[in-house]
Number of protein chains: 2
Amino acid sequence: MDQVDIFKALSNKTRLLILKWLKDPALHFPEQERDFSEAGVCVGQIQKKARLTQSTVSEYLSLLQRTGLIESTRIGQWTYYKRNEAAFQLLKEQINKEL
Amino acid sequence: MDQVDIFKALSNKTRLLILKWLKDPALHFPEQERDFSEAGVCVGQIQKKARLTQSTVSEYLSLLQRTGLIESTRIGQWTYYKRNEAAFQLLKEQINKEL
DNA sequence: AAGATACATCGGGTTTTCCCGATAAACCAA
DNA sequence: TTGGTTTATCGGGAAAACCCGATGTATCTT
């Protein structure tokens with residue numbers, strides 16, 4: 001994934017919010033009962049909070065995953081998404097150095 | 001200017017390159033005789049290096065200026081652009097904290 | 001004043017992004 | 001197996017971004 005593509009992923013209000021929400025899932029997704037630390041937050045919870053259609057949010061999550069900024073785990077009928085903090089760390093270092 | 005607009009400005013190959021070129025003008029714009037440190041690099045030099053039309057590059061520079069990441073100085077018939085390092089510093093701090 | 005140079009702005013064709021509804025696919029429960 | 005739930009994918013209309021050529025504006029030179 002190239003730097004421009006990462007900035008493209010970040011240049012959308014909802015996608016940026018999702019990434020920030022996932023920094024502290026317990027705070028932003030109090031409804032979910034499963035432990036966040038394992039796998040993350042499921043699509044439905046994110047969709048409800050984002051107030052966009054299911055298809056749009058699913059598309060956004062898949063796009064974010066392609067950048068490497070988040071990862072998914074399928075458990076039963078749910079897909080859980082969480083941040084890939086290593087990727088964020090790398091991105092920040094790149095930005096601090098190159099930008 | 002909000003964060004999303006800044007990321008939008010960064011999510012273009014040429015604009016990102018321009019910002020990086022302006023980090024070290026003496027290195028990337030050897031043709032220009034005026035001292036870079038005063039005012040920056042003029043549009044023509046940037047356009048030649050970017051290999052896009054004059055109108056496109058002018059548009060890009062104006063967009064970048066609206067984000068606050070660069071500043072312009074008009075001297076005679078030339079417009080010189082340079083980075084606003086304070087804005088970059090602020091952006092990096094925001095990214096490091098919020099992202 | 002007239003022409004040349006440097007840059008900005010305008011109008012627009014093409015591509016990409018945004019976001020939706022409909023449908024498909026995977027899984028679970030009865 | 002049938003029906004319900006959750007997510008992914010598909011098709012597409014509307015809006016935005018990309019990048020161009022043409023034209024306008026400011027400045028300099030002669």
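In what follows, every chain begins at residue 1, and chains take the letters A, B, ... in the order their sequences are listed.
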Rounded to whole Å, how long is the line connecting atom [atom1] of [X] with atom [atom2] of [N]?
X: A/Arg51; N: C/dC20; atom1: CZ; atom2: C1'; answer: 17 Å
X: A/Lys13; N: D/dA16; atom1: NZ; atom2: P; answer: 15 Å
X: A/Lys48; N: D/dT5; atom1: NZ; atom2: C1'; answer: 13 Å
X: A/Arg15; N: C/dT16; atom1: CZ; atom2: C1'; answer: 12 Å
X: A/Leu52; N: C/dG21; atom1: CG; atom2: C1'; answer: 14 Å
X: A/Tyr60; N: C/dT16; atom1: OH; atom2: C1'; answer: 13 Å
X: A/Ile75; N: C/dC28; atom1: CD1; atom2: P; answer: 11 Å
X: A/Ile18; N: D/dT7; atom1: CD1; atom2: P; answer: 13 Å

*Is any side-chain N or O of A/Thr53 closer than 4.0 Å to OP1 or OP2 of C/dC20?*
yes
*Phosphate oxygens OP1/OP2 of D/dC18: is one of them under 4.0 Å from a side-chain N or O of B/Asn12?*
yes
*Could you run down nucleotides 3-9 of chain C 5' to 3' and tag each one B, S or - for protein heavy-atom contact under 4.0 Å?*
--BSBBB
Taking the side chain as C-beta and beyond, is there a heavy-atom pair between [X] and [Y] under 4.5 Å?
X: A/Val43; Y: A/Trp78; result: no
X: B/Glu98; Y: B/Gln3; result: yes
X: A/Thr73; Y: A/Tyr81; result: no

*Compare the minimum distances between each of C/dC18, C/dT17, D/dC20 and the side chain of A/Lys8, then state the nucleotide with the smallest one.*
C/dT17
*Using only heavy-atom distances, determine whether the side chains of B/Ser55 and B/Ser58 contain a donor-acceptor pair under 3.5 Å.*
no
*Distance-only polar pair, side chains of A/Gln89 and A/Glu85, donor-acceptor under 3.5 Å*: no
*Compute both the distance and the angle, then confirm whether A/Arg74 meets the cation-pi test with A/Tyr80: under 6.0 Å from the six-membered ring centre, within 45 degrees of the axis.*
no
_B/Lys13 atom NZ, over 12 foreign heavy atoms within 6.0 Å_ = no
